[in-house]
Participant: 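Please find one structure pasted underneath; my questions will follow.
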Amino acid sequence: MKLLIIIPTYNEKETITQIITEIGRQVPHGHILVVDDNSPDGTASIVRDIQKQNVQVHLFSRKSKEGLGKAYIDAFRHVFKTYDPERIVMMDADMSHHPKYLCDMESLFESGDVDVVVGSRYVSGGDTVGWEPWRKALSYYGNIYAGVVTGIPIADLTAGFYMIDTRVLKAVNLDDIDSSGYAFQMELKNLFHTYGARFSELPIIFGNRVGGESKISNHIISEGIVAPWKIRFKK
Ligand SMILES: Nc1nc2c(ncn2[C@@H]2O[C@H](COP(=O)(O)OP(=O)(O)OP(=O)(O)O)[C@@H](O)[C@H]2O)c(=O)[nH]1
Ligand SMILES: [Mg+2]
């Protein structure tokens, strides 16, 4: 398997069909693994229906919602054992990370000198559209703050859209991560950076979710404020 796209879901029945269809259009060779935390809205049963028509769609059902970080780490271990793809994509289910960028991410890999491509809002050509001004400012200044505190040379440290060489993901110690949300994204990038992974940031336009509800909580925001200091002291 060359490419496996992991999509974590919690109550994403409104967008899951759209994102799977669009991924199929953009990268027909890609396999998709939906990692669902027993969504009460029945997201998993929609995926099971899609699986009847599409053998490239897979489902990993978890018992309960434990946050994005735990869902991804559990899924990575399952993927290493079950599929072992050449490259892994991490992306949200709500169409904020548009599948049209997947081909460009793959092209960046073809050069042979990239291990991790990050879909970035904060490099030239990238942006966020549809967010309220407070959220845009929180994300923009939050990323500057995180960059200064951690020293990691990535403009979008809270980005959740990646294409990763599986060898790099296998090489880092995922047990080092104990957070979710924005903090998880920063900790994961820190592991790649410490390992010496070669990054490339692809400019993306991050759109507002096209349906369903945000899972952001005050806990996720406050964890994100503390995370850069935890990373700095770990280094
Ligand atoms: N499996 C799983 N998925 C989750 C969990 N929390 C969030 N997600 C998924 O992670 C992705 C990102 O969550 P979002 O709520 O979209 O976070 P966000 O994009 O920062 O916030 P919005 O812009 O408001 O959508 C979505 O696909 C969610 O369904 C969780 O606890 N378990
Ligand atoms: Mg979202």
Side-chain angles (χ1 to χ4, degrees), residues 5-23 32-48 57-79 88-99 101-102 118-122 126-140 142-143 146 156-162 174 177-189 204-225 227:
I5 295 135
I6 304 181
I7 307 177
T9 55
Y10 190 74
N11 287 346
E12 301 290 6
K13 69 169 185 191
E14 289 183 35
T15 58
I16 192 65
T17 306
Q18 185 180 352
I19 191 136
I20 290 175
T21 307
E22 192 58 34
I23 290 171
I32 300 170
L33 178 70
V34 177
V35 181
D36 186 68
D37 279 4
N38 205 4
S39 297
D41 75 347
T43 302
S45 67
I46 296 174
V47 175
R48 276 187 215 102
V57 175
H58 312 270
L59 177 66
F60 181 49
S61 292
R62 302 182 72 252
K63 279 203 187 89
S64 59
K65 178 167 167 40
E66 292 180 292
L68 185 70
K70 283 237 168 70
Y72 262 128
I73 289 171
D74 229 14
F76 293 153
R77 297 208 165 103
H78 172 69
V79 165
I88 289 174
V89 167
M90 299 165 62
M91 69 191 290
D92 294 353
D94 57 9
M95 294 296 287
S96 285
H97 300 146
H98 201 285
Y101 296 112
L102 292 170
V118 176
S120 179
R121 298 160 291 183
Y122 301 124
D127 204 356
T128 301
V129 293
W131 270 2
E132 303 90 330
W134 71 265
R135 186 136 184 227
K136 211 166 164 155
L138 180 72
S139 174
Y140 179 75
N143 266 288
D156 196 343
L157 279 169
T158 57
F161 191 13
Y162 312 66
L174 296 168
I177 302 183
D178 56 8
S179 54
S180 223
Y182 302 132
F184 163 72
Q185 303 297 359
M186 288 185 243
E187 286 202 65
L188 185 61
K189 290 184 195 73
I204 64 154
I205 306 295
F206 182 99
N208 212 352
R209 56 164 52 247
V210 299
E213 280 170 27
S214 176
K215 274 97 226 169
I216 289 199
S217 62
N218 289 338
H219 170 71
I220 287 177
I221 294 174
S222 56
E223 208 187 31
I225 293 168

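Values below: every heavy atom of this structure, side chains too, minus hydrogens, waters and symmetry copies. First listed ligand is number 1; within each ligand, the first listed atom is number 1.
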Participant: In the protein, what heavy atom is nearest to atom 19 (O) of ligand 1, and what distance, to one decimal place, separates them?
Facilitator: D92 OD2, 3.5 Å
Participant: Just to confirm my output: which protein heavy-atom neighbour is closest to atom 15 (O) of ligand 1, and how far is it?
Facilitator: K215 N, 2.8 Å
Participant: Evaluating non-hydrogen atoms only, which member of V35, D94, I6 is closest to atom 1 (N) of ligand 1?
Facilitator: V35
Participant: Please work out, at 4.0 Å between heavy atoms, whether the side chain, the backbone, both, or neither of S214 comes within that distance of ligand 1.
Facilitator: both
Participant: Distance under 4.0 Å to a non-hydrogen atom of K65: what atoms of ligand 1 satisfy this?
Facilitator: 5 (C), 6 (N), 30 (C), 31 (O)
Participant: Say you draw a straight line from NE2 of H58 to CD1 of I5; how long is it, rounded to the nearest 0.5 Å?
Facilitator: 10.0 Å
Participant: Checking the side chain of N38 only, and the main-chain atoms of S64 only, is there a donor and an acceptor separated by less than 3.5 Å?
Facilitator: no
Participant: Which protein non-hydrogen atom lies closest to atom 27 (O) of ligand 1, naming both residue and atom, and how far is it?
Facilitator: P8 O, 2.8 Å
Participant: In this structure, does ligand 1 have an atom that sits under 4.0 Å from one of the heavy atoms of G67?
Facilitator: yes
Participant: Relative to each other, are the rings of H78 and F60 parallel, tilted or perpendicular (30° and 60° limits)?
Facilitator: parallel
Participant: Go through the steps for Y122 and S139 under the test side-chain hydrogen bond (donor to acceptor under 3.5 Å, both in side chains), then give the verdict.
Facilitator: CA-CA 10 Å; Y122 301 124; S139 174; 2.5 Å; yes
Participant: Please say whether D36 places an N or O atom under 3.5 Å from an N or O atom belonging to ligand 1.
Facilitator: no
Participant: Between F206 and ligand 1, does any nitrogen or oxygen pair lie at a separation below 3.5 Å?
Facilitator: no
Participant: Dump the intermediate steps for side-chain hydrogen bond (donor to acceptor under 3.5 Å, both in side chains) on E187 and S179, then the final yes or no.
Facilitator: CA-CA 8 Å; E187 286 202 65; S179 54; 2.5 Å; yes
Participant: Can you measure from CD (E223) to CG (D178) and round to the nearest 0.5 angstrom?
Facilitator: 7.5 Å
Participant: Please check whether E12 reaches ligand 1 - meaning an N/O of the residue sits under 3.5 Å from an N/O of the ligand, judged on distance alone.
Facilitator: yes
Participant: Should the ring pair Y101 and F161 be called parallel, tilted or perpendicular, given that the plane angle runs from 0 to 90° and is split at 30 and 60?
Facilitator: perpendicular
Participant: Check for me whether K215 meets the cation-pi criterion with Y10, that is, NZ or CZ under 6.0 Å from the six-membered ring centre and within 45 degrees of the ring axis.
Facilitator: no
Participant: Give yes or no for whether the N/O distance cutoff of 3.5 Å, strictly under, is met between A93 and ligand 1.
Facilitator: yes
Participant: Is it true that atom NZ of K70 has more than 12 heavy atoms of other residues, nucleotides or ligands lying nearer than 6.0 Å?
Facilitator: no
Participant: Near the Mg ion (ligand 2), is there an N/O/S atom from D94 that is less than 2.8 Å away?
Facilitator: yes
Participant: Assess whether a salt bridge exists between D36 and K13, defined as any Lys/Arg side-chain N lying under 4.0 Å from an Asp/Glu carboxylate O.
Facilitator: no
Participant: Kindly identify the option in R135, R209, E213 whose heavy atom sits closest to atom 18 (P) of ligand 1.
Facilitator: R135
Participant: I'd like to check which ligand 1 atoms, numbered from 1 as shown, lie under 4.0 Å from a non-hydrogen atom of D37.
Facilitator: 1 (N), 2 (C), 30 (C), 31 (O), 32 (N)
Participant: So between L68, I7, T9, whose heavy atom ends up nearest atom 2 (C) of ligand 1?
Facilitator: T9
Participant: Which ligand 1 atoms are under 4.0 Å away from a heavy-atom of I216?
Facilitator: 20 (O), 21 (O)
